[in-house]
Number of protein chains: 2
Amino acid sequence: MTYSQLELKNQICFPFYSVSRLITKAYKPFLSKIGLTYPQYLVMMVLWESDGMRINEIKEKLFLDTNTVSPLLKRIESMGLINRTRSNEDERSVIVTLTKKGKELKELASPIPEQMLEGLAHEGITVEEISNLRNTLNNWIKALSDNKNDNKIK
Amino acid sequence: MTYSQLELKNQICFPFYSVSRLITKAYKPFLSKIGLTYPQYLVMMVLWESDGMRINEIKEKLFLDTNTVSPLLKRIESMGLINRTRSNEDERSVIVTLTKKGKELKELASPIPEQMLEGLAHEGITVEEISNLRNTLNNWIKALSDNKNDNKIK
DNA sequence: CAAGTTTATATCGTAAACGACATAGTTACA
DNA sequence: TGTAACTATGTCGTTTACGATATAAACTTG
């Protein structure tokens, strides 16, 4: 028996894990300029796209759980970028809205995607490749987040 | 101005980030059976492949920094799976070796890759797709970890 | 309509990640 | 040879992830 499947180079999760961390690292110089971490940037993108979301909607968009999102939002709130208010229709829900400062940050963030694409292009990664990969990865997300629901049934 | 590039669905990092977390989550039931977290499993795979590595080599294989690997190894050591000893040739280096228990764990871990592949196949993800993706991702890793070296020059 | 269940959010504890900084050993070179 | 630069590892503090658990509001169903 060779155990070759246990070798790092034959793993599929490991490349995902590494690329994810390395890309996040590549974002860092741009994000630190506007004072956000990568997960905070994700939350802000969700809100820039659709202000006034419930926490539940944010959490589902990002495939995160409340125990991650809750403190994350708390920190973003303490930075003065968002407000959290209880919903009137459903007192369990919390509505997250952008403050003036939070809305203004969008302008500062707007060049980041372009700058990241330029950086990747500089490393020989084309827009086509990125586009293809995005489709593939979205299928994986669909497959894996369905899988997650299987666990709920247990 | 539409800001469409700031929409979540147009990001490339976000799918990587999500897939990485979702796959790690998919590993969890298998790994918890043998008492490892995903990063601990990575370290063990490196050592099963090549016992007696220096911390520096482990850290480079995994694209991690010492401030992540150091406590990680400490925890694995406290589980009795590895030993850490200073190198004689270079007193700065620490050699990591598997204990008997650490070597035996390989046998328990050996079915995991197959089980993961079955799980993915069940979600409609083929071995061919995984293989192609692995090649693509390895290119990204190369590109992004080169990029990292640029920062060192600064 | 009361009791059990579900849902939305939050808190706590542990393990990663990682920037900043510390320390001891090694190398280089003036 | 001595001192500056570099290397390998480690610690500390902050932020993520996430399992387990708590709490309050809203549903559901007998």
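Letters go in sequence order (proteins before strands), and every chain restarts at 1.
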Spell out, yes or no, whether A:Ile82 and A:Leu108 are grouped together once hydrophobic residues are joined by side-chain heavy atoms under 4.5 Å, including indirect joins. yes
Axis bend over the full length of the helix from C:dC1-D:dG30 to C:dA30-D:dT1, computed from five pairs that close each end, to 10 degrees: 10°
Are any of the side-chain nitrogens in B:Arg84 or B:Glu77 under 4.0 Å away from the carboxylate oxygens of its partner? yes
Determine the minimum heavy-atom distance between B:Leu6 and A:Ala109, stating which atoms define it. CD2-O, 3.9 Å
Look at the rings of A:Trp48 and A:Tyr41 and say which category their plane angle falls in: under 30° parallel, 30 to 60° tilted, over 60° perpendicular. perpendicular
So does A:Lys61 pair up with A:Glu57, basic N to acidic O under 4.0 Å? no
Boundaries of the DNA chain C segment in contact with chain A, non-hydrogen, under 4.0 Å: C:dT7 to C:dG19
Is there a path of hydrophobic side-chain contacts, each under 4.5 Å between heavy atoms of I, L, V, M, F, W or Y residues, that connects A:Ile95 with A:Val43? no
A:Tyr17/B:Tyr38 aromatic ring centres below 6.0 Å: yes
Hydrogens and angles aside, do B:Glu107 and A:Tyr3 bring a side-chain donor and acceptor to less than 3.5 Å of each other? yes
Nucleic acid footprint by protein, nucleotides 8-21 of chain D - heavy-atom cut-off 4.0 Å, B for base, S for sugar-phosphate alone: SBBB---SBBBBB-
Exactly one of A:Ile58, A:Thr97, A:Ile76 should register a side-chain contact (heavy atoms from CB on, under 4.5 Å) with A:Leu47. Which one does? A:Ile58
Quick one: do A:Phe16 and B:Thr24 satisfy side-chain contact (heavy atoms from CB on, under 4.5 Å)? Show the steps, please. CA-CA 10 Å; A:Phe16 276 117; B:Thr24 302; over 6 Å; no
